[in-house]
Structures are given as structure tokens and as C-alpha cells.
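Encoded as C-alpha cells, the structure appears first; notes follow it.
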2 protein chains.
Amino acid sequence: MAKKSDLLPGTLDLLILKTLARGTLHGYGIALSIKRSSDDVLTVEEGSLYPALQRLLLAGWLKAEWKMSETNRRARFYTLTRTGRKQLGVEISEFEQMIAAIGRVLSAPEEA
Amino acid sequence: MAKKSDLLPGTLDLLILKTLARGTLHGYGIALSIKRSSDDVLTVEEGSLYPALQRLLLAGWLKAEWKMSETNRRARFYTLTRTGRKQLGVEISEFEQMIAAIGRVLSAPEEA
DNA sequence: GGCTATATATAGATTATCTATGGATAGAAA
DNA sequence: TTTCTATCCATAGATAATCTATATATAGCC
């Protein structure tokens, strides 16, 4: 059972945006949530997650605030902005278009 | 209509292997076939295609032979090997697993 | 006091894709 | 005959995204 990668490249932003669309979370919580809701198939490494969060903050799709976590530790909580929610819609439709296109290739008939 | 990329990263090998599973083709023909069977959604640039073909040759998943093309030009025709066909199966199931996992994240309910 | 889980973050390597370029030829059009 | 378009191969260099490895810190349990 070769395990090629933890994620399908190009889908991390989508996963983070969608996860935050369900509510504010800190970074560690985002990673856990993605892992759990994917039944342990998708694992977001810290070295992927935190740079991605910086990207999304810089793009204005998230805002961040330092607070105390459920377990009483300092943690940075991320919330989707209005433009972030809009971006989520864009990314979902782009992703679905890609998947549909790949599906067509995978099931394409013989050519003339 | 923002167009982010020509391909979903990490899926090119799969697309090439699948395309060649339907018969021997030269590089240019592979690119055309993927473009056409995806209804112009997926475009494989030469700078992605030829390095990928080298990768797949080196891995032993393809073999190559110089011949004359349908249009009477020198062209390098690629054929799937036995191990290449096996690899195609692996890549399809990995891809489907990833897509299913992403689907679960995209439709996940609220957490407790 | 030591262990584990929680929590953030960066540096550096790796890999994949894209942009840009270069070369060559067949055949059609002008 | 020259020019244009489509066909065909290939590489160099830039860019982007992810992964590996590491560092730091603390709460709470044993």
C-alpha cells in the first residue's frame, strides 16, 4: 500500500477554508479536524499548515486572534472573512470542475 | 472566471498512464488526447509533459520508440509496460481514495 | 521530575508544474 | 518561393506547494 503523499497538492487552501467555514479554530484544531473528518486519509503537516495559514491571512481570507484554547494554552484562532467565504465558493467550483474533467479522462472511450 | 492552473497537481502521471492504456501515442498526441477528452479543461504544457514522460520512462512504466507519425514527422511513441499498467491501477485507487476523503471534508457536519 | 499531548513556527529540501525558449519539418496558402 | 500554421521534441529556469526536520513552550498527569 504505497502512501504517496498526505494531501492532494493544490487542495490544502480549500480544505482549510471549508474547515473554518464551520467555525473559528486554532491551527492545531484545523489539522485535527481535517484528519478526523477525512477518516485519517488526509494529514496536514505543520510545515504545510502554518505557511498556508500565513498565505490565507495575507490574502485577506482569514483573520487571526490570540486567545486561550480549550486546554488553557495560548493559541491563535482563525476565522473566515467575508472575502474568504467568497473564495471558498470559487475554490469549490474550480475543484469540482477539475475532478469532473479528470473523471472524463479516466472514463474516456477510444478515439477515432 | 479565475483560471488557477492547467492541471490539478499530482494527477499528471495518472492522466498520462490512463491515456496510454488506450493505445500507443506520441507526446503531442497524449497532450491533445487529454485536452480533448477533458473538454479543454485540462491542458498539459510541454514543459510539464516531457519531463513527466522522462520520469515515467525511468520508472519503467513506459517504453518509447521513434517512428513516423500519422503526419509523416519523426515522433517518439510511448507504450505502457506491464508494470506501468499495474501502476495505473495503484494511481487510480489512490486518487479515488483522496477524492473521497476530500469529499468527506467538504460535506462534514459540525463537530461536537 | 519526566512524559505526553497540545500548540506555534521556521529553515531547508524536494518535487511538480509553468513560462519561456529553441529547434525542426510537413503541408497549405499566398 | 516564401510564409504561415500545425505538428513534434526538448530543456533551462522560475515558481509554488508540500514535506522533513527542528526548535520552542506549557498544561496536566503520573
Side-chain angles (χ1 to χ4, degrees), chain A residues 2-17 24-36 41-59 62 64-78 91 94-95 98 101-102, chain B residues 2-17 24-36 41-59 62 64-78 91 94-95 98 101-102:
Chain A
K3 166 94 169 296
K4 211 194 246 170
S5 60
D6 293 332
L7 290 175
L8 192 57
T11 63
L12 179 54
D13 293 4
L14 170 62
L15 294 172
I16 292 174
L17 293 174
T24 293
L25 277 176
H26 49 69
Y28 189 75
I30 294 169
L32 280 184
S33 173
I34 290 174
K35 193 175 180 63
R36 284 176 186 153
V41 174
L42 306 174
T43 303
V44 186
E45 305 294 338
E46 287 108 318
S48 308
L49 178 65
Y50 292 104
L53 289 171
Q54 297 302 324
R55 264 199 319 268
L56 300 180
L57 274 175
L58 208 69
L62 307 183
E65 191 189 359
W66 285 97
K67 287 198 259 183
M68 281 300 156
S69 75
E70 325 78 56
T71 55
N72 201 31
R73 281 173 191 80
R74 278 176 74 260
R76 205 171 180 200
F77 283 78
Y78 296 89
E91 301 223 0
E94 281 177 357
F95 175 73
M98 280 286 183
I102 294 172
Chain B
K3 166 95 166 298
K4 210 193 250 172
S5 61
D6 294 331
L7 290 175
L8 191 57
T11 63
L12 179 54
D13 292 4
L14 169 63
L15 294 172
I16 293 174
L17 293 174
T24 292
L25 277 175
H26 48 68
Y28 189 74
I30 294 170
L32 280 184
S33 173
I34 291 174
K35 192 176 181 63
R36 284 176 186 152
V41 174
L42 306 174
T43 303
V44 186
E45 305 294 338
E46 285 110 319
S48 308
L49 179 63
Y50 292 104
L53 289 171
Q54 297 302 324
R55 263 199 319 267
L56 300 179
L57 274 175
L58 207 69
L62 307 183
E65 191 188 359
W66 285 97
K67 286 196 260 182
M68 282 297 155
S69 75
E70 324 79 55
T71 55
N72 202 31
R73 282 175 190 78
R74 278 175 76 257
R76 206 173 181 198
F77 283 79
Y78 297 88
E91 302 223 359
E94 282 177 356
F95 175 74
M98 281 284 184
I102 294 172

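Lettering follows sequence order; numbering is per chain, from 1.
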Side chain to side chain contact (heavy atoms under 4.5 Å, CB included) between A/Val44 and A/Ile30, intermediate numbers included: CA-CA 9 Å; A/Val44 186; A/Ile30 294 169; over 6 Å; no
[N] [atom2] sits how many Å from [X] [atom1], rounded?
{"X": "A/Leu58", "N": "D/dA16", "atom1": "CG", "atom2": "C1'", "result": "15 Å"}
{"X": "B/Tyr50", "N": "C/dG23", "atom1": "OH", "atom2": "C1'", "result": "13 Å"}
{"X": "A/Leu25", "N": "C/dT6", "atom1": "CG", "atom2": "C1'", "result": "14 Å"}
{"X": "A/Tyr28", "N": "C/dT4", "atom1": "OH", "atom2": "P", "result": "14 Å"}
{"X": "A/Gln54", "N": "C/dA9", "atom1": "CD", "atom2": "C1'", "result": "8 Å"}
{"X": "A/Lys67", "N": "D/dA27", "atom1": "NZ", "atom2": "P", "result": "19 Å"}
{"X": "B/Ile30", "N": "D/dC9", "atom1": "CD1", "atom2": "C1'", "result": "12 Å"}

Selection from C/dA26, C/dA9, D/dC9 that lies nearest to any side-chain heavy atom of B/Asn72: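 Given the options C/dA26, C/dA9, D/dC9, the side chain of B/Asn72 is closest to C/dA26.
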Is any side-chain N or O of [X] closer than 4.0 Å to OP1 or OP2 of [N]?
{"X": "B/Arg74", "N": "C/dA26", "value": "no"}
{"X": "B/Thr71", "N": "C/dG27", "value": "no"}
{"X": "B/Ser69", "N": "D/dC8", "value": "yes"}

Distance-only donor-acceptor test, A/Arg76 side-chain atoms vs C/dT8 base atoms, 3.5 Å: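 Answer no: no donor N or O sits under 3.5 Å from an acceptor.
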Side chain to side chain donor-acceptor pair (under 3.5 Å) partners of A/Thr71, counting only residues at least two apart: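 Partners of A/Thr71 under the side chain to side chain donor-acceptor pair (under 3.5 Å) test: A/Ser69, A/Arg73.
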Where do N or O atoms of nucleotides 16-19 of chain C meet protein N or O atoms at under 3.5 Å, pair by pair?
residue	atom	partner	partner atom	Å
C/dT17	OP1	B/Gly10	N	2.6
C/dT17	OP2	B/Arg55	NH2	3.3
C/dC18	OP1	B/Asp6	N	3.1
C/dC18	OP1	B/Leu7	N	3.4
C/dC18	OP2	B/Ser48	OG	2.9
C/dC18	N4	B/Gly47	O	3.0

Donor + acceptor pair across side chains of B/Glu65, B/His26 (<3.5 Å):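 B/Glu65 vs B/His26: no donor-acceptor pair found between side chains.
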